[in-house]
Visitor: 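The structure's right below; bear with me while I get my questions together.
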Amino acid sequence: MKALVTGGAGFIGSHTVDKMLDKGWEVVVLDNLSTGLRANVADGVKFVKMDILDVELLNVFSQERFDCVVHLAAQTSVPYSVDHPDIDCQVNLLGMVNVLEACRKTGVKRVVFASSAAVYGDADCLPIVEEAHLKPGSFYGLTKCTGEKYLALYSQIHQLDYVVLRYANVYGERQGDGGEGGVVSIFTRKLHQNQPICIFGDGGQTRDFIYVGDVAEANCQALMAHTRVNRVYNISSQTQTSVNDLIAILAAVADKPIDRSYLPPREGDIYHSTLSNRAALAGIGWQPYMPLPEGLRRTYHALNKAM
Ligand SMILES: NC(=O)c1ccc[n+]([C@@H]2O[C@H](COP(=O)([O-])OP(=O)(O)OC[C@H]3O[C@@H](n4cnc5c(N)ncnc54)[C@H](O)[C@@H]3O)[C@@H](O)[C@H]2O)c1
């Protein structure tokens with residue numbers, strides 16, 4: 001199996017590449033290094049420094065003849081999308097269409113697309129199931145939602161197989177402090193530097209934290225699944241963890257007290273969030289394995305080693 005990982009020098013992408021190498025697959029990474037790091041890409045993996053919007057993309061696909069693509073390259077910041085909807089749209093939609101056109105023209109068999117819990121917006125019922133009404137509250141959520149629709153139509157018109165994975169809040173080693181789900185990354189950095197942590201609101205707000213190794217495995221399983229493709233799956237822990245509980249676990253992991261201050265809640269922030277992961281188990285045989293305390297321990301100690 002020969003796979004392309006767009007955004008493979010990033011956080012989730014580099015873990016996905018590592019998993020693929022463990023499985024003995026041939027992998028190529030394409031990334032413009034806007035947020036990713038060349039050093040994240042394992043030795044020996046072919047690396048193409050290119051923007052997904054580049055017209056040369058088709059030449060790369062024609063030369064390499066990929067069997068499948070995991071499409072992760074994106075503008076990943078929710079606040080940035082609100083301030084710059086044009087750039088968000090350019091990268092997350094025009095860039096994605098450029099990737100899909102190259103797939104269709106060169107006979108790629110399957111695309112796995114990194115979507116997000118941001119497509120749901122403020123949901124009425126928890127845990128959120130895939131069939132829930134989509135009401136994104138940001139342009140980022142809207143471009144992810146529209147990207148999913150492009151895939152569905154590419155599959156209908158051009159018979160390109162796809163699997164959409166809507167990730168919850170991903171955390172783990174190598175995470176930057178921008179983009180989505182960066183709260184663990186921000187908190188571990190502050191903790192490492194012995195700086196106080198600022199919490200927006202009362203800290204009772206919950207999120208669904210999923211370890212990056214589990215997400216990387218989901219990407220691989222979605223590529224391998226024989227049935228139940230051309231569908232959408234949530235990739236989550238299906239567990240609500242409050243920000244206060246997260247801080248308590250981090251304090252135990254770091255074995256030091258955490259100085260914290262509470263600020264007024266941010267406008268538009270969702271209070272409770274968790275995604276059902278039952279469909280992913282039934283559809284692509286995926287379930288999460290990493291317990292949050294162990295995942296946080298690995299994240300914190302990896303940061304300590306790197307700094
Ligand atoms: N981290 C999360 O919690 C989370 C949650 C839901 C969805 N996602 C999605 O997962 C994917 C990966 O996110 P991540 O957290 O690893 O972010 P990341 O920023 O670490 O990775 C994105 C990668 O894409 C590259 N990239 C960005 N724009 C590009 C372009 N125009 N051309 C080529 N490469 C480009 C970056 O250099 C980077 O290496 C994204 O699609 C993101 O929207 C992430």
Visitor: Among Ile52, Leu57, Asp51, which residue satisfies the side-chain contact (heavy atoms from CB on, under 4.5 Å) criterion with Asn98?
Guide: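 That would be Leu57.
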
Visitor: I need the single residue from Ser81, Cys89, Ser34 that forms a side-chain contact (heavy atoms from CB on, under 4.5 Å) with Gln75. Which is it?
Guide: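 So, applying the side-chain contact (heavy atoms from CB on, under 4.5 Å) to Gln75 and each of Ser81, Cys89, Ser34, only Ser81 qualifies.
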
Visitor: Among side-chain atoms of Ser14 and Arg174, is any donor-acceptor pair under 3.5 angstrom?
Guide: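 There is such a pair between these side chains.
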
Visitor: Can you name the residues that form a ring pair (Phe, Tyr, Trp, His ring centres under 6.0 Å) with Tyr233, not counting sequence neighbours?
Guide: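 Here no residue qualifies.
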
Visitor: Would you call Glu130 and Arg231 a salt bridge, using N to O less than 4.0 angstrom?
Guide: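 So Glu130 does not pair with Arg231 through a salt bridge.
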
Visitor: Using the rule that two of Ile, Leu, Val, Met, Phe, Trp, Tyr join whenever any of their side-chain heavy atoms come within less than 4.5 Å, decide whether Val91 and Tyr167 are in one cluster.
Guide: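 No, separate clusters.
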
Visitor: To the nearest 0.5 Å, how far apart are CG in Asn277 and CH2 in Trp286?
Guide: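 One gets 5.5 Å once the value is rounded to the nearest 0.5 Å.
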
Visitor: If you measure only the distance, is there a donor-acceptor pair under 3.5 Å linking the side chains of Ser185 and Gln175?
Guide: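 Note: Ser185 and Gln175 side chains miss the donor-acceptor criterion.
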
Visitor: Can you pull out every salt bridge (Lys or Arg N to Asp or Glu O under 4.0 Å) where at least one residue sits in residues 204-222? Sequence neighbours excluded, please.
Guide: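 Sorted pair list: Lys23-Glu217.
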
Visitor: Are Ile12 and Val164 co-members of a hydrophobic cluster defined by side-chain heavy atoms under 4.5 Å apart?
Guide: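 In one cluster with Val164: Ile12, no.
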
Visitor: Using 0.5 Å steps for rounding, measure from the OH atom of Tyr162 to the CD atom of Glu148.
Guide: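 CD of Glu148 is found 8.5 Å from OH of Tyr162.
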
Visitor: Hydrophobic clusters here meaning ILVMFWY residues chained together by side-chain heavy-atom distances under 4.5 Å, can you tell me if Val70 and Val229 are in one?
Guide: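 Yes, it is one cluster - the side chains of Val70 and Val229 are joined through contacts under 4.5 Å.
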
Visitor: Would you please name every residue forming a side chain to side chain contact (heavy atoms under 4.5 Å, CB included) with Asp122, sequence neighbours left out?
Guide: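 Once residues adjacent in sequence are excluded, the partners of Asp122 under the side chain to side chain contact (heavy atoms under 4.5 Å, CB included) criterion are Ile270.
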
Visitor: Go through the structure and list residues passing side chain to side chain contact (heavy atoms under 4.5 Å, CB included) with Asp22, not counting sequence neighbours.
Guide: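 Scan of Asp22 (side chain to side chain contact (heavy atoms under 4.5 Å, CB included), adjacent residues dropped) gives none.
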
Visitor: Is it true that Lys109 and Asp67 make a salt bridge, defined as a side-chain N closer than 4.0 Å to a carboxylate O?
Guide: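 Asp67 and Lys109: salt-bridged.
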
Visitor: Distance alone, cut at 3.5 Å: any donor-acceptor contact between the side chains of Thr143 and Asp88?
Guide: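 Thr143 vs Asp88: donor-acceptor pair found between side chains.
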
Visitor: Just to verify, what does Tyr300 make a ring pair (Phe, Tyr, Trp, His ring centres under 6.0 Å) with, not counting sequence neighbours?
Guide: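 Counting only residues at least two positions away or on another chain, Tyr300 forms no ring pair (Phe, Tyr, Trp, His ring centres under 6.0 Å).
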
Visitor: If you link I, L, V, M, F, W and Y whenever their side-chain heavy atoms are under 4.5 Å apart, who else ends up in the same group as Leu126?
Guide: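 Leu126 shares its hydrophobic cluster with Val119, Tyr120, Ile128, Leu134, Leu275.
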
Visitor: Could you note down all residue pairs passing salt bridge (Lys or Arg N to Asp or Glu O under 4.0 Å) where residues 29-50 supplies at least one of them, sequence neighbours left out?
Guide: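 Those involving residues 29-50 are Lys46-Glu64.
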
Visitor: Below 3.5 Å, can you tabulate the donor-acceptor pairs from side chains in residues 243-256 to any protein atom, sequence neighbours excluded?
Guide:
{"unit_1": "Asn244", "atom_1": "OD1", "unit_2": "Tyr262", "atom_2": "OH", "d": "2.8"}
{"unit_1": "Asn244", "atom_1": "ND2", "unit_2": "Asp202", "atom_2": "O", "d": "3.0"}
{"unit_1": "Asn244", "atom_1": "ND2", "unit_2": "Gly203", "atom_2": "O", "d": "3.3"}
{"unit_1": "Asp245", "atom_1": "OD2", "unit_2": "Ser242", "atom_2": "OG", "d": "3.4"}
{"unit_1": "Lys256", "atom_1": "NZ", "unit_2": "Leu191", "atom_2": "O", "d": "2.9"}
{"unit_1": "Lys256", "atom_1": "NZ", "unit_2": "Asn194", "atom_2": "OD1", "d": "2.8"}

Visitor: Going by the angle between their ring planes, with limits at 30° and 60°, are Phe113 and His71 parallel, tilted or perpendicular?
Guide: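 Correct class here is parallel.
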
Visitor: Would you check if there is a donor-acceptor pair between the side chains of Thr299 and Glu173 at a distance under 3.5 Å?
Guide: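 Not at all, the side chains of Glu173 and Thr299 share no donor-acceptor pair under 3.5 Å.
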
Visitor: Could you tell me which residues satisfy ring pair (Phe, Tyr, Trp, His ring centres under 6.0 Å) with Tyr154, sequence neighbours excluded, listed by chain and number?
Guide: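 If we apply the ring pair (Phe, Tyr, Trp, His ring centres under 6.0 Å) test to Tyr154, skipping adjacent residues, the hits are His158.
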
Visitor: Is any side-chain heavy atom of Arg166 closer than 4.5 Å to one of Lys144?
Guide: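 Side-chain contact under 4.5 Å: no.
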
Visitor: Just to verify, what does Gln90 make a side chain to side chain contact (heavy atoms under 4.5 Å, CB included) with, not counting sequence neighbours?
Guide: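 Leu53, Leu94.
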
Visitor: My understanding is that only residues two or more places apart in sequence, or in another chain, count here; which of them pass side chain to side chain contact (heavy atoms under 4.5 Å, CB included) with Gln193?
Guide: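 Partners of Gln193 by the side chain to side chain contact (heavy atoms under 4.5 Å, CB included) criterion, ordered by chain and then number, come out as Gln195, Met307.
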
Visitor: Hey, is Asp259 close enough to Lys190 for a salt bridge, meaning N to O under 4.0 Å?
Guide: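 Salt bridge flag = no for Lys190 with Asp259.
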
Visitor: How far does CG of Leu160 sit from CG of Leu153, to the nearest 0.5 angstrom?
Guide: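 Going from the CG atom of Leu160 to the CG atom of Leu153 covers 11.5 Å.
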
Visitor: Suppose the criterion is salt bridge (Lys or Arg N to Asp or Glu O under 4.0 Å): which pairs have a residue in residues 291-301, not counting sequence neighbours?
Guide: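 Those involving residues 291-301 are Glu294-Arg297, Glu294-Arg298.
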
